[in-house]
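These notes are about the structure you will find just below.
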Amino acid sequence: MEALALRDPSAAPVAGRFGRHGGRFVPEPLIAACEEVEAAFTEAWADAGFRSDLAWLLSRYAGRPTPLTPALRLSAELGVTVLLKREDLTHTGSHKINNVLGQALLARRMGKRRLIAETGAGMHGVATATAGALLGLPVTVFMGERDIERQAHNVFRMRLLGAQVVPVRSGSRTLKDATSEAMRHWVSATEDAYYCVGSVIGPHPYPWLVRELQAVIGQEARHQCAEQLSAGTPDQVVACVGGGSNAAGTFAGFVETPARLVGVEAAGGAGAALGEVGVLHGFQSLFLQDEQGQIREAHSVAAGLDYPGVGPEHAHLRDLGRAEYVTATDQEALAAAVRLARAEGIVPAIESAHALAWVVRAAGTTDLPTGSSVLVTLSGRGDKDIATLMAYLGDEEAR
Amino acid sequence: MTTLETRLRRDRGRKLLMPYLTGGVTPDWTDHLRAIADAGADAIEVGIPFSDPTLDGVTIQEASDAALARGASTDGVLADLSRNRIEVPVVVSTYANLALRRGADRFCRALAEAGVQGLIVPDLPLEEAGATSAAARAANVDLALLASPATPPLRLREIAERSRGFVYAVSLMGTTGERRQLAASAAALARRLRGVTDRPVFLGFGISTPAQAAVAARDADGVIVGAALMRRLLDGADPASTAGFVRSLRRALDGVPARTSADAGG
Ligand SMILES: Cc1ncc(COP(=O)(O)O)c(C=O)c1O
């Protein structure tokens, strides 16, 4: 087995700022809690003992490193070399486990007695429930009612793992509202509860902390590309973007290479591609909103991408022109999921299928010229989406 | 001294009352505004509803949703306030996204033009309040800051110093909403704040009944009552009834001696 080396820690951004984005826009009652998490993570992340505990869990428990799989048949069909970073093969089936194991260890180190989390697709909720079971910490997961309906499989998994799932009935009843509700609950529970944020969003230190914990994806992929590609680095690096954690973790390994970085959002939840500067959930970034500043509801078949904003580091990478943000529609993503299933025998999460959909669309154009190489992070597996895919294929076949 | 500071003085001779009302919540919301103003309020907090009120409990969430469903907006609420000037000072409260949407300068000027004298933005803590605080000062609007039971002493002092008009003491670790009892953390926070500032200290969050208001006012200079009033309004209370509730709060506060033992030392 390959040795698992965590990336060297990167320092926290000053005041949690990524350029003009980020920050800590929380009500005063949460300031002390944010400072406590920041201090604890800064110290833990520099501590060899903490890092080796995390590396141990990531390899022995979560199955890292994950393979980099050349998608041979798809590559031949598209005329570009497609490499898949297989986060779908981790324990619990998505990249969310990387983040959660780190945060759950941190919570234990801080002496917190339970975990709270928000979830959209349920993958972060399942990962948190899993880590809670592993470390003996009770877990409460906030989930929008609409997501509870469309990700029933994951709701049951969370309950099976002993977690309590709290339905959120406000607003769009999806990830945005689950996040608001988790924050409301956190205010009343900062003493004993640790808020395990699921993406590179939220008040400082979370966008930095979660990116640090997800950087293992990019770190591994960078080494694997060096082994598998004659050029050493891929021409393009592509990942789907909800809040942006699998993309941030992937990009972290390539931001200093010449590779073009592409984040693919759901067409109906494109904070980075279509949003404007705003403040929500404790951070400044790009959000879908009306001209008065009311946040618009996102709409996507992928519950994990159904978020009207994007993590502050992505907004900054966009400002810098270092990364580009594009969109894929529900139909394109569903078609790409089926295509990968049939070309490679891999059923991706519908979230991850957005990244593939863009590759499929761009291959052979100036965006992704024939003969180029592209790394795609497959953030998760499609088990949770079987019902959605069944309905989609049923419609397709009826046509 | 700003107008708000001359009106909300600790030595006003009575305990201060600031009811909260969600702007645009009902078609007749400005009738409630006037009725409350005439029922003994010393200032009125008017919320500009936001789609994602992360510091509000169910009642004010419901009020915000109702207002937004009626088409309430920053422009609309300010236009209503502009047309309905009242005797008592108006303090607008809203979330950062609305305050920053067109720039803090423009927002604060629009407040001033609508006759608003104070501003509360709960998700702009000390570290993030700089630009808005300067914009508010330039527009002659008082940006009041929040302090909480978890705020450590040095930070509490800084909040009190940088807060304008009054200091908003969040009585408990939690969201807005009615509570059966006044939080145990309320009195201690109010006392700590009064020890570091001459600005009036208002306790808010969870103050639901006249009796609770009276207890809170023993240690604070004033109280803010939001969810308890909005619950009545959402349940269909007319302006006369909301005013009746405010009068009952006024009477309870007037039973509390304006000078308390906490003043003896200073
Ligand atoms: C499989 C999968 N991919 C991607 C995401 C989107 O999150 P992020 O953008 O933080 O990676 C989710 C979120 O639920 C997910 O479950």
Legend entry - Option in A:His281, A:Glu276, A:Glu181 with maximal non-hydrogen atom pairs under 4.5 Å from chain B: A:Glu276
Inset, instruction - Specify whether A:Phe41 and A:Trp45 have parallel, tilted or perpendicular ring planes, treating 30° as the upper limit for parallel and 60° as the lower limit for perpendicular. - result: parallel
Legend entry - Flag, side chain of B:Ser64 to backbone of B:Ile60, donor-acceptor distance under 3.5 Å: yes
Inset, instruction - Indicate whether any N or O donor in one side chain lies under 3.5 Å from an N or O acceptor in the other, for A:Asn99 and A:Gln103. - result: yes
Legend entry - Side-chain donor-acceptor pair present, B:Asp56, B:Thr176, cut-off under 3.5 Å: yes
Legend entry - Residue B:Leu68 versus chain A: region with a heavy atom under 4.5 Å: side chain
Inset, instruction - Taking atom types as modelled, find out whether A:His299 and A:Asp330 have a side-chain donor-acceptor pair closer than 3.5 angstrom. - result: no
Inset, instruction - Measure B:Ala147 against the heavy atoms of chain A and call it side chain, backbone, both or neither at under 4.5 Å. - result: backbone
Legend entry - Atom group of A:Glu36 that falls short of 4.5 Å from chain B, counting heavy atoms: neither
Inset, instruction - Please flag which part of A:Asp177 lies under 4.5 Å from any non-hydrogen atom of chain B: side chain, backbone, both or neither. - result: side chain
Inset, instruction - Say whether A:Tyr195 and A:Glu118, considering side chains only, have a donor N or O and an acceptor N or O under 3.5 Å apart. - result: yes
Inset, instruction - Step through the shown structure and confirm whether more than 12 heavy atoms of other residues, nucleotides or ligands are within 6.0 Å of CG on B:Asp198. - result: no
Inset, instruction - Go through B:Leu55, B:Leu146, B:Asp52 and name the one with the most non-hydrogen pairs under 4.5 angstrom from chain A. - result: B:Asp52
Inset, instruction - Would you kindly say whether A:Tyr325 and A:Thr327 are connected by a side-chain donor-acceptor distance under 3.5 Å? - result: no
Inset, instruction - With chain B as the partner chain, list the residues of residues 184-192 of chain A whose heavy atoms fall under 4.5 Å from it, by residue number, and write 'none' if nothing qualifies. - result: A:Arg184, A:Val187, A:Ser188, A:Thr190
Legend entry - Top contributor to chain B contacts, counting heavy-atom pairs under 4.5 Å, from A:Gln294, A:Gln284, A:Arg296, A:Arg24: A:Gln294
Legend entry - Heavy atoms from other residues, nucleotides or ligands near CD of B:Glu127 exceed 12 (cutoff 6.0 Å): yes
Legend entry - Side chain to side chain, B:Leu119 and B:Cys108, heavy atoms closer than 4.5 Å: yes
Inset, instruction - Sort B:Pro53 into side chain, backbone, both or neither according to what part of it lies under 4.5 angstrom from a heavy atom of chain A. - result: both
Legend entry - Proximity breakdown for A:Ile295 and chain B, heavy-atom pairs closer than 4.5 Å: both
Legend entry - Salt-bridge criterion met for A:Arg318 and A:Glu313 (N-O under 4.0 Å): no
Legend entry - chain A contact via B:Leu100 - which portion, at a heavy-atom distance below 4.5 Å: side chain
Inset, instruction - Considering only NZ, NE, NH1 and NH2 on the basic side and carboxylate oxygens on the acidic side, decide whether A:Glu28 and B:Arg155 come within less than 4.0 Å. - result: yes
Legend entry - Between A:Ala15, A:Pro27, A:Gly278, A:Gly23, the one whose heavy-atom pairs under 4.5 Å with chain B are most numerous: A:Pro27
Inset, instruction - Determine the option with the most heavy-atom pairs under 4.5 angstrom with chain A, choosing from B:Pro152, B:Ala150, B:Ser73. - result: B:Ser73
Inset, instruction - Could you look at A:Gln289 and say if it's the side chain, the backbone, both or neither that has a heavy atom under 4.5 Å from chain B? - result: both
Inset, instruction - Can you establish whether the number of heavy atoms outside B:Arg157 located under 6.0 Å from its atom CZ is more than 12? - result: no
Legend entry - Heavy-atom contact with chain B under 4.5 Å, split by part of A:Arg169: neither
